[in-house]
Amino acid sequence: MTGILMAATAAAIPVLIVPHFRQMFASLDVELPFITRLFVYYNAVFWLLPLLSLCAGFYWPTPHRRAWVSCLIGGISLAVMIPLLVAAVYLPIFQIEAPI
């Protein structure tokens, strides 16, 4: 259960944070990097993380490790999502400041 909650939190963070930046990204005259486009336009794909954690909790081959693997998936997804989101949001800003 804990892994599913962590993975759901990791999936909800881009949905709650990125819309505030969408208008700013639209006003920029640069092509957005792939990771930024993924967060801005396709952030629904991150809802596969709780589904993956849920499937691991029910269908992992060794029953005594199901909860552990589900929690591991949730923890890793949460630990990776936050720095990845920060990088994705700031990459276009750094791209503007790059010398030509």
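Here, residue 1 is the first one in the sequence, and each next residue gets the next number.
Under the 4.5 Å side-chain heavy-atom criterion for ILVMFWY residues, no single connected hydrophobic cluster contains both L5 and M81. Both V40 and F94 are assigned to one and the same hydrophobic cluster, defined by single-linkage of ILVMFWY side chains at heavy-atom distances under 4.5 Å. Cluster annotation: L85 is connected to Y42 through the hydrophobic network of ILVMFWY side chains, with a link wherever side-chain heavy atoms come within less than 4.5 Å. Residues L51 and W47 do not share a hydrophobic cluster, defined by chaining ILVMFWY side chains whose heavy atoms lie under 4.5 Å apart. Put simply, Y59 and I4 are part of the same group of oily side chains (I, L, V, M, F, W, Y) that touch within less than 4.5 Å, one to the next.
A distance-only check finds no donor-acceptor pair linking the side chain of S70 to the backbone of L54 [under 3.5 Å].
Inter-residue side-chain proximity for F46 and V15 is flagged as unmet; no heavy-atom pair is nearer than 4.5 Å. Looking only at side-chain heavy atoms (C-beta outward), L32 and L91 stay at 4.5 Å or farther from each other. Side-chain contact between S53 and S77: absent, with no pair of heavy atoms (C-beta onward) separated by less than 4.5 Å. Between V45 and L48 there is a side-chain heavy-atom pair separated by less than 4.5 Å.
Atom CD1 of I17 sits about 9.5 Å away from atom CD1 of I82, to the nearest 0.5 Å. Interatomic distance, CD1 of I73 versus CH2 of W68, reported as 10.0 Å (0.5 Å rounding). Note that the CZ atom of F58 and the CZ atom of R66 stand 9.0 Å from one another [nearest 0.5 Å]. Atom CG of L78 is separated from atom CD1 of I13 by 5.5 Å, given to the nearest 0.5 angstrom. Note that the OG1 atom of T9 and the CG atom of L49 stand 11.0 Å from one another [nearest 0.5 Å]. For the atom pair T36 OG1 and I93 CD1, the distance stands at 9.5 Å (nearest 0.5 Å).
With sequence neighbours excluded, the residues forming a side-chain hydrogen bond (donor to acceptor under 3.5 Å, both in side chains) with E31 are R37, listed by chain and number.
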*Going through the distances and angles, do F21 and F39 end up as a ring pair (Phe, Tyr, Trp, His ring centres under 6.0 Å)?*
CA-CA 10 Å; F21 291 93; F39 274 94; over 10 Å; no
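Between P83 and A79, the shortest heavy-atom contact is CD-O, 3.1 Å.
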